[in-house]
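As structure tokens, the structure follows; a few thoughts come after it.
Every chain is numbered from 1, with letters handed out A, B, ... down the list of sequences.
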Number of protein chains: 2
Amino acid sequence: MEEENSRANDRELGRREQTRSHNQALILAAARAVFAEYGYSRTTVRDIIRATPLAAGTFYNYYKSKDEIFQAIRDETALKVRPLLREARSGSKTADKFIYATFRTFFDFVVAEHAALVTGHSSNAMHVRVDTPEIIAGFGELEEDLASAIAAGILPRVDIKYLTASIAGLAFELSENMMDREKPDPEAAARFATDLVLGGISGMAKK
Amino acid sequence: MEEENSRANDRELGRREQTRSHNQALILAAARAVFAEYGYSRTTVRDIIRATPLAAGTFYNYYKSKDEIFQAIRDETALKVRPLLREARSGSKTADKFIYATFRTFFDFVVAEHAALVTGHSSNAMHVRVDTPEIIAGFGELEEDLASAIAAGILPRVDIKYLTASIAGLAFELSENMMDREKPDPEAAARFATDLVLGGISGMAKK
DNA sequence: GCGTTGTATGACACTGCGTCAACTTAACTT
DNA sequence: AAGTTAAGTTGACGCAGTGTCATACAACGC
């Protein structure tokens with residue numbers, strides 16, 4: 001349905017929209033780099049725009065504020081991990097596979113994307129943080145999946161809200177602990193977390 | 001050893017130091033209130049000082065910057081919980097008591113102090129956050145105590161670093177989950193977390 | 001009393017965000 | 001292909017908020 005010679009997918013975009021999305025990408029990439037280097041509060045919108053060939057005012061043609069672009073970056077990352085987690089869990093027929101897949105996928109993601117995980121909002125903390133509101137929200141899906149798994153008899157009946165929070169808490173804190181080590185080992189971390197959760201809930205179920 | 005009629009403990013302070021500490025406390029209290037209401041970025045130093053009878057410049061006689069007073073507040077809170085946690089664990093002769101005391105004390109503290117737990121640095125998130133760097137650092141002591149407990153045979157041998165991170169992660173995330181509920185129940189949360197950890201590590205030990 | 005030293009004050013300099021009127025460029029019209 | 005419109009670009013500007021500083025003031029020692 002396209003014209004011939006449409007190698008590039010922006011072939012049939014007008015020049016306008018072409019440069020628009022080009023510039024948008026330019027700004028976003030610059031912002032990611034600068035935020036990663038200086039953290040939120042110490043980067044200025046001018047710093048970001050200085051890393052592009054554009055002028056100061058142009059920034060606001062693409063993003064309403066410094067806050068908005070920061071959100072955009074974090075959303076982007078969070079949105080990437082959600083389908084991965086869902087997908088990883090989907091085929092799991094046993095409790096062990098279900099829980100392990102969740103942790104392993106998350107830890108692998110953190111290792112792969114840690115440069116993109118924007119550092120804290122705070123003054124000069126260059127620490128990698130994974131417990132952003134966007135990622136936390138992503139664990140809402142986990143709650144649904146846990147409910148299904150319990151209904152299907154894969155997992156024993158326990159308080160779902162607490163269990164979801166527990167898995168999220170383990171995922172966040174073990175991620176950061178893992179990344180602080182010389183050689184991050186997602187397999188070991190996932191194994192530990194899985195054993196903890198499985199042992200814990202099987203103990204609870206017996207009561 | 002004091003003079004008679006020394007009801008107030010600033011009796012033998014000079015007037016100077018008396019008003020100094022008075023003003024300091026005044027500013028700190030005002031800051032706590034204003035930060036709690038508007039969050040970090042939306043409160044100005046002028047907002048803080050306006051809640052006291054002092055003038056703008058005076059603020060900087062007591063604190064170097066807005067950031068510094070924010071840190072001071074967080075440190076103060078973090079420093080309060082540490083001895084409580086140590087104390088709570090100290091007498092515990094069984095694994096269950098040891099772990100439960102840790103969680104229960106932490107959750108009770110969060111409930112009691114939640115107004116003082118300054119909300120996130122971020123734009124307008126009024127969410128209570130307990131995983132500040134200062135509080136996270138406090139869990140270093142937990143690691144030492146876990147090591148002792150394992151040495152004493154109270155807890156089975158497991159990876160201490162992962163276990164510490166796990167307990168911290170559970171404490172943080174369950175705290176926030178607990179505070180989001182209509183009626184926070186530290187007992188139930190602590191019970192859940194304890195069962196999870198105990199069941200988990202006893203499972204690991206058997207391997 | 002009287003110098004000295006620490007404190008209070010608000011005007012000011014400075015930095016950084018977000019806006020806007022003037023200008024440029026793309027797309028469309030006839 | 002010249003003319004019209006719509007969209008994008010630009011940097012100077014307005015404004016808000018931080019932190020500083022010269023001046024004024026109050027406490028302390030003598």
### Task
Measure from NZ or CZ of B:K66 to the centre of the six-membered ring of B:Y60, then state whether that distance is under 6.0 Å and the direction lies within 45° of the axis.
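So B:K66 doesn't make the cation-pi contact.
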### Geometric cation-pi criterion B:R181 and A:Y162, 6.0 Å radius, 45° cone
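Output yes; distance and angle both within limits.
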Heavy atoms from C-beta onward define the side chain here; which of [options] lies closest to that of [X]?
X: B:R46; options: D:dT18, C:dT9, C:dT7; result: D:dT18
X: A:K66; options: D:dA27, C:dC17, D:dG19; result: C:dC17
X: B:R16; options: C:dT7, C:dA8, D:dT18; result: C:dT7
X: B:R20; options: C:dT7, C:dA8, C:dG18; result: C:dT7
X: B:Y60; options: D:dC28, D:dT10, D:dT18; result: D:dT18
X: A:A56; options: D:dG11, C:dG10, C:dC17; result: D:dG11

### Pairwise 5' ranking along DNA chain D for A:N61 and B:T44, keeping only the more 5' one
A:N61
Starting from [atom2] on [N], measure out to [atom1] on [X] and report it in whole angstrom.
X: B:Q24; N: C:dT7; atom1: CD; atom2: P; result: 11 Å
X: B:H22; N: D:dA27; atom1: NE2; atom2: C1'; result: 17 Å
X: A:Y62; N: C:dG18; atom1: OH; atom2: C1'; result: 17 Å
X: B:N23; N: C:dG6; atom1: CG; atom2: P; result: 17 Å
X: A:D47; N: C:dC17; atom1: CG; atom2: C1'; result: 13 Å
X: B:R42; N: C:dC17; atom1: CZ; atom2: P; result: 18 Å
X: A:F59; N: C:dC20; atom1: CZ; atom2: P; result: 17 Å
X: B:E17; N: D:dA27; atom1: CD; atom2: C1'; result: 11 Å

### Under 3.5 Å donor-acceptor, A:T77 side chain and A:I73 backbone
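Side chain of A:T77 to backbone of A:I73: a pair is present.
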### Task
Could you tell me which residues satisfy side-chain hydrogen bond (donor to acceptor under 3.5 Å, both in side chains) with A:N23, sequence neighbours excluded, listed by chain and number?
A:Y62
### Query
B:Y63 near the nucleic acid: base, sugar-phosphate alone, or nothing, with a heavy-atom cut-off under 4.0 Å?
nothing
### Message
Just to be sure I understand the rule, does B:T19 reach a base, reach only the sugar-phosphate, or reach nothing, if contact means heavy atoms closer than 4.0 Å?
### Response
nothing
### Message
Quick test of your reading: applying salt bridge (Lys or Arg N to Asp or Glu O under 4.0 Å), list the pairs with at least one residue in residues 160-175 of chain A, sequence neighbours left out, ordered by first then second residue.
### Response
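Counting only pairs at least two positions apart or across chains, the salt bridge (Lys or Arg N to Asp or Glu O under 4.0 Å) contacts touching residues 160-175 of chain A are A:E143-A:K161.
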